[in-house]
S.K.: 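What follows is a structure written as structure tokens; I'll ask about it next.
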Amino acid sequence: MKPVRLSAAATIALPRWGLIALCLLYILPGIVRRDPWKVDDASGFGIMWTMAHGALGDWLSPNIVGLAMPNEAPLAYWIGAILIRVFGWLTGDALAARVSILVFFAIGTLAVWRTAYVLGRRSESQPLKLAFGGQPAAMDYGRTLADGALLIYVASLGLLLRSHETAATALQVSLVAVAMYAAACLFDRPTTRAATGLGVATGLLLLTASWITPLLLFVSFILVAALRYREVLPKLLMISLPIVLALPAAWLLSRQLTTATPIADWLAMGQRELGMPSASNSRELLKTSIWYLWPAWPIAAWAVYAWRSQLTLHILLPAAAVTGLALMTLFAPTARDHALLPLLPPLAILATFGLPTLKRGTINAIDWFSVMTLSAIAGFIWLGWLAKQTGWPPQLAKNAFRAAPGFQPEFSSVALVVALATSIGWLLLLYWRLGRRPPVLWRAVVLSTGGIVLCWVLLMTLWLPWLNYRQSYAAVAEQLGNALPPSYRCVDTDAVGPAQRASFAYLGHVKFSRHGDKRCEFLLVQDDSLLGKGAQIKSVDTKLTLLWQGRRAADRHELFRLFRRDSR
């Protein structure tokens, strides 16, 4: 028997303006008024910027001003580079590249909503008919479930961390959602159009990340078809699969122009993400997943349990995708959270079918956890901003300035107004949810989503100058650029990372050596000044003269030294 009994009052859809406003509040803060940040954000921007100002070889083989990036596929960077070429003259290259964040997020959220809607309107996922009528219409029920899936997806802490970076991971998670939508359409109605869409979506996913994620996802779809929906299997194998293989093949054949062994390099890109299962890695990823996949994972687990006697497409399809993608985390060589990110779309879709089955006590527990935890975090963000502006509380102000030596507080009336308006909106949401107790399905996650949006907006308004100071290489890049003469050929590097190279090239206008350059007049070395682990300087046939050394004020580990090569 189906575990869901609902009246039509429970399927009132979230107002479209409210849903759109929530998504905009989530994705827009943090895009402006900042530099490329260290590690993935700066590295991703560096590839986009190199493509936008480079030659054909830069578009086919991702690199950062000559530094090859063999672990990267090109699609996300193509989009960012095109946006730089189109809007860079108007907004600056960094902001133009971050427009890709909006594109990727829009694709992902729309795909999650549509997938839940397609699965939710199917007859097997509908609630039981009531004796005297009054049950929701199929379309209304599907829309309400889709709203819930979107709220769960946006509330996921892992998405919050990665969806605001100019990196391929932001597009990867969105294309996983697109592949889920295409698969839902194919299983719902096995047409050639749906099979073609699934092939294109999975093929594009191959151009965004390594082949491991698309392979596991596509195999999970094949298993669902083979075990339960065999009428879909011919479309998957005869239409979708050839398209999946054709898209990366076209890119690899094009790379043949610039790379001797493109296929071997592409296969190696995926093999780097595989390793023998490790108890320590698995334990670390399990601990990370508890908060990284919150609140999707507990509700998804409950959905599987609640529907255990009715395991049809709306449960089987996302559950198979979650299971297949989870295998990737088991064989991950390192315990990085990137492996967990593709799990978010199918988990959110699966979790939304647990919402109609949640007991009132469980919903109240989720609500109070969200209210207490997220309100406390928001209060701490406000208190930290007050400490930076006024020096009170003194210990909190001391800790904030110790973490960012040399930081000078900035006051922005616009940021303050936005933060105040968002905080008032949170209080109104609390009053509506806790005071009126609406019976709608998505009430269990609306406070989690609203609280996440509140905390992110506060961070990206009140704390943005402090965060930008800590995460940006702007100051040290300017120092390095000033240390170089007005005219020189190029700068070689030793142990300089991708994020640092991208930041120095863009912010400091440093001309790094590229393929085919002869030995440069200058050498830039990065090492660890705190631990004393110096880089092994490879130049043995020249005398090196130290011209400059520096580091970011907020990082005691990185030390950069610039040498001039003097011929003997």
Side-chain angles (χ1 to χ4, degrees), residues 29-43 45-46 94 161 164-165 377-416 419 455-484 493-510 524-535 546-563:
I31 289 183
V32 298
R33 296 178 58 226
R34 72 173 179 89
D35 302 313
W37 285 354
K38 61 181 296 187
V39 195
D40 292 340
D41 186 57
S43 299
F45 168 73
L161 296 177
H164 293 84
E165 296 178 337
I377 294 173
F380 177 79
I381 295 172
W382 272 108
L383 190 62
W385 174 80
L386 183 65
K388 293 197 298 289
Q389 296 292 329
T390 66
W392 184 91
Q395 187 59 44
L396 189 57
K398 181 180 179 181
N399 292 338
F401 288 113
R402 180 187 300 166
F407 171 71
Q408 297 297 323
E410 302 176 17
F411 178 80
S412 170
S413 57
V414 174
L416 180 60
C455 293
W456 181 250
V457 171
L458 294 182
L459 277 176
M460 292 297 104
T461 51
L462 303 179
W463 282 51
L464 183 60
W466 185 86
L467 290 169
N468 191 56
Y469 182 84
R470 277 186 53 83
Q471 299 294 324
S472 171
Y473 285 92
V476 69
E478 183 179 0
Q479 296 172 21
L480 174 59
N482 292 335
L484 289 165
T493 60
D494 187 1
V496 176
Q500 293 82 359
R501 186 183 182 98
S503 299
F504 294 155
Y506 174 67
L507 298 171
H509 308 289
V510 177
L524 180 65
V525 177
Q526 177 182 343
D527 58 22
D528 193 319
S529 61
L530 183 64
L531 300 179
K533 296 178 180 178
L546 180 65
L547 294 182
W548 167 86
Q549 67 178 14
R551 61 180 177 87
R552 294 188 307 119
D555 194 330
R556 296 184 299 164
H557 292 270
E558 295 175 344
L559 176 67
F560 302 96
R561 293 179 291 165
L562 178 67
F563 295 92

S.K.: Can you tell me how far CE of Met460 sits from SG of Cys455, rounded to the nearest 0.5 angstrom?
M.R.: 11.5 Å
S.K.: Heavy-atom distance under 4.5 Å between the side chains of Trp392 and Pro394, does that happen here?
M.R.: yes
S.K.: Would you say the side-chain atoms of Glu410 and Tyr469 include a donor-acceptor pair closer than 3.5 Å?
M.R.: no
S.K.: Measure the acute angle between the ring planes of Phe45 and Tyr506, then classify it against the limits of 30° and 60° as parallel, tilted or perpendicular.
M.R.: perpendicular
S.K.: To check you understand the geometry: which heavy-atom pair defines the closest contact between Pro405 and Ala554, and what is its length?
M.R.: CD-CA, 4.0 Å
S.K.: Closest heavy-atom contact between Asp41 and Pro36?
M.R.: OD2-CA, 3.4 Å
S.K.: Is a donor on one side and an acceptor on the other found under 3.5 Å between the side chain of Trp466 and the backbone of Ala400?
M.R.: yes
S.K.: Would you give the length of the straight line joining atom CG of Leu459 to atom CG of Leu464, rounded to the nearest 0.5 angstrom?
M.R.: 9.5 Å
S.K.: Taking Asp35's backbone N and O only, do any of them form a donor-acceptor pair with Asn468's side chain (distance below 3.5 Å, no angle check)?
M.R.: yes
S.K.: Going from CG on Leu547 to CG on Leu524, what distance comes out if it is rounded to the nearest 0.5 angstrom?
M.R.: 11.0 Å
S.K.: Given side chains that start at C-beta, do those of Trp37 and Leu467 come closer than 4.5 Å, heavy atoms only?
M.R.: yes
S.K.: Please check this pair: side chain of Trp463 against backbone of Ile381, looking for a donor-acceptor N/O pair closer than 3.5 Å.
M.R.: yes
S.K.: Determine yes or no for a side-chain-to-main-chain donor-acceptor pair under 3.5 angstrom, with Glu558 supplying the side chain and Arg552 the backbone.
M.R.: no
S.K.: Can you check side chain to side chain contact (heavy atoms under 4.5 Å, CB included) on Gln479 and Phe560, steps first, answer last?
M.R.: CA-CA 11 Å; Gln479 296 172 21; Phe560 302 96; over 6 Å; no
S.K.: Counting N and O atoms only, with roles assigned by atom type, does the side chain of Trp456 sit under 3.5 Å from a partner on the main chain of Pro29, one being a donor and the other an acceptor?
M.R.: yes
